[in-house]
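Written below as structure tokens is the structure these notes are about.
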Amino acid sequence: MLSCFSFYRIPLLSFDPELCGFGALLANIYVRKLDVLNRGFSGYNTDWAFPILKQLLPSVKDQKEQASSIPLMTIFFGANDAALPFSPQHVPLDRYKSNTKAMIDLVKNPESTYYNPKMRLILITPPPINEAQWRKRCEEQDSKLNRTNEAARAYADCIKEIGRETDTPVADIWSEIMDKVALNDRDLSEFLLDGLHLNSNGYKELYNLLLRTITEKCPEIHPDAVGYEIPYWRDLLTLDNPSEKLQFPLLGKKPTGI
């Protein structure tokens with residue numbers, strides 16, 4: 001199971017086939033190897049997310065009693081936290097940092113009820129903001145501009161700082177897209193649907209960035225390194241008793257009575 005845990009519209013769109021969402025792309029490349037789960041809630045920030053994460057993570061007891069596991073979880077926050085201070089979604093930078101570190105601590109701290117030394121974490125920075133696009137969207141809703149790229153950068157930098165402090169890999173999509181814009185004389189609108197949410201180009205950048213991060217930091221769970229749960233059909237033809245292989249490995253590991 002590969003879990004994408006994040007709370008704003010970008011992950012909600014991550015399985016949209018028209019947008020080539022990164023969740024759908026990951027599910028495709030991990031097909032028959034790992035299940036990709038998306039847990040995203042439109043408009044949420046890290047203040048509201050922390051209590052929900054504790055309901056999603058398996059406890060130490062659960063990990064001992066259940067066959068399934070989460071080999072990798074991504075944490076993708078910041079676009080809502082980075083809303084300007086007058087917005088009800090805004091979370092100050094220092095609290096955003098402490099909230100994010102508390103989420104990491106749930107998994108990495110041996111004293112945590114949810115301690116999971118086998119789970120790998122990747123933090124994803126918020127993407128850039130195209131203020132021209134987003135201002136138009138705000139005006140359509142009779143409101144003023146409530147996000148800026150400067151604020152998004154500050155929250156992206158904060159994630160990178162957290163990564164260094166907690167030894168957690170970071171997929172820096174803010175810099176990835178901004179570098180593409182600067183080096184190739186492109187416009188942010190080529191990567192953003194409405195100035196805030198990624199479009200198909202933006203999702204492809206995020207997908208490629210995540211795969212690079214997995215290759216560099218977690219090569220053992222790269223799609224090429226993970227085998228099929230059930231054999232490829234042609235491989236069954238070479239077996240004397242193929243039925244022995246037609247059993248999901250995890251089901252055979254279930255504790256007695258479960």
Side-chain angles (χ1 to χ4, degrees), residues 4-14 16 18-23 38 40-49 74-97 99-100 103 122-163 170-210 213:
C4 304
F5 174 65
S6 39
F7 283 80
Y8 70 117
R9 190 171 171 81
I10 284 178
L12 288 182
L13 297 174
S14 70
D16 189 321
E18 293 185 4
L19 293 178
C20 299
F22 82 99
N38 177 39
F41 295 83
S42 178
Y44 274 58
N45 58 33
T46 55
D47 278 348
W48 302 325
T74 63
I75 299 179
F76 190 6
F77 288 98
N80 292 319
D81 299 73
L84 298 179
F86 65 83
S87 168
Q89 294 171 297
H90 173 74
V91 174
L93 195 59
D94 58 345
R95 197 162 78 235
Y96 170 71
K97 182 176 183 179
N99 286 344
T100 303
M103 293 180 197
I122 295 177
L123 305 177
I124 306 174
T125 70
I129 297 290
N130 185 352
E131 295 174 25
Q133 278 182 293
W134 190 243
R135 179 180 286 106
K136 182 179 179 181
R137 175 71 175 271
C138 291
E139 289 173 349
E140 289 172 353
Q141 299 176 347
D142 294 322
S143 61
K144 60 182 179 180
L145 183 69
N146 56 19
R147 286 165 172 79
T148 66
N149 200 30
E150 181 181 1
R153 179 177 185 172
Y155 283 68
D157 287 344
C158 182
I159 287 294
K160 291 188 285 184
E161 185 176 277
I162 293 169
V170 173
D172 182 6
I173 189 62
W174 191 94
S175 295
E176 189 77 9
I177 290 177
M178 290 302 295
D179 287 347
K180 288 282 194 310
V181 169
L183 296 175
N184 300 300
D185 194 26
R186 301 174 69 177
D187 191 84
L188 275 173
S189 62
E190 296 181 45
F191 301 94
L192 297 166
L193 187 65
D194 53 10
L196 172 64
H197 306 110
L198 298 173
N199 62 16
S200 59
N201 290 332
Y203 271 129
K204 289 174 185 175
E205 293 296 333
L206 178 54
Y207 167 73
N208 290 330
L209 176 60
L210 279 174
T213 306

Just wondering, are more than 12 heavy atoms of other shown residues or ligands nearer than 6.0 Å to CD in Glu150? no

Separation between CG of Asp194 and CD1 of Ile129, rounded to the nearest 0.5 Å: 8.5 Å

Quick check: closest heavy atoms across Leu145 and Cys138, and the distance to 0.1 Å? CA-SG, 4.0 Å

Donor-acceptor under 3.5 Å (Asn184 side chain, Arg186 main chain): no

Counting N and O atoms only, with roles assigned by atom type, does the side chain of Thr125 sit under 3.5 Å from a partner on the main chain of Ile173, one being a donor and the other an acceptor? yes

If you compare all heavy atoms of Tyr155 against all heavy atoms of Gly78, which two are closest, and at what distance to 0.1 Å? CD2-O, 4.4 Å

Strictly by modelled atom types, are Trp174 and Asn149 linked by a side-chain donor-acceptor pair under 3.5 Å? yes

Pair Lys97 + Asp94: basic N to acidic O under 4.0 Å: no

Nearest heavy-atom contact between Ile159 and Pro126 is CG1-CD, 4.3 Å

What one should report as the nearest heavy-atom pair of Val170 and Lys160 is CG1-CG, 4.1 Å

With ring pair (Phe, Tyr, Trp, His ring centres under 6.0 Å) as the rule and sequence neighbours excluded, what pairs involving residues 125-152 come up? none

What pair of heavy atoms forms the shortest contact from Ala171 to Leu210, and how long is it? CB-CD2, 4.1 Å

State the CZ-CE distance between Arg153 and Met178, to the nearest 0.5 angstrom. 8.0 Å

Among residues at least two apart in sequence or on other chains, which ones pass ring pair (Phe, Tyr, Trp, His ring centres under 6.0 Å) with Phe191? none

For the side chain of Asp81 and the backbone of Thr46, is there at least one donor-acceptor N/O pair under 3.5 Å apart? yes

With no hydrogens and no angle check, is any side-chain donor or acceptor of Asn80 less than 3.5 Å from a backbone partner on Gln89? no

If you measure from CZ on Arg135 to OG1 on Thr148, what distance do you get to the nearest 0.5 Å? 10.0 Å

Qualifying residue, where the test is side-chain contact (heavy atoms from CB on, under 4.5 Å) with Leu123 and the options are Asp172, Thr213, Ile75: Ile75

Nearest heavy-atom approach of Pro127 to Ala152 is O-CB, 3.7 Å

Can you tell me how the ring of Phe41 sits relative to the ring of Tyr44, calling it parallel under 30°, perpendicular over 60° and tilted otherwise? tilted

Partner set under side-chain hydrogen bond (donor to acceptor under 3.5 Å, both in side chains) for Asp187, not counting sequence neighbours: Ser189

After noting the C-alpha distance and the side-chain angles of Val91 and Phe77, does the key distance pass the side chain to side chain contact (heavy atoms under 4.5 Å, CB included) rule? CA-CA 11 Å; Val91 174; Phe77 288 98; over 6 Å; no

Quick check: does any side chain N or O of Gln133 sit under 3.5 Å from a backbone N or O of Leu192, one acting as donor and the other as acceptor? yes

Kindly compute the distance separating OG (Ser200) from CD (Glu205), expressed to the nearest 0.5 Å. 10.5 Å

As an exercise, state the distance from CG of Asp47 to CG of Asn99, rounded to the nearest 0.5 Å. 5.0 Å

Check: Leu196 and Arg137 side chains under 4.5 Å, non-hydrogen atoms: no

Quick one: pull up NE2 in His90 and OH in Tyr96 and give me the separation to the nearest 0.5 Å. 12.5 Å

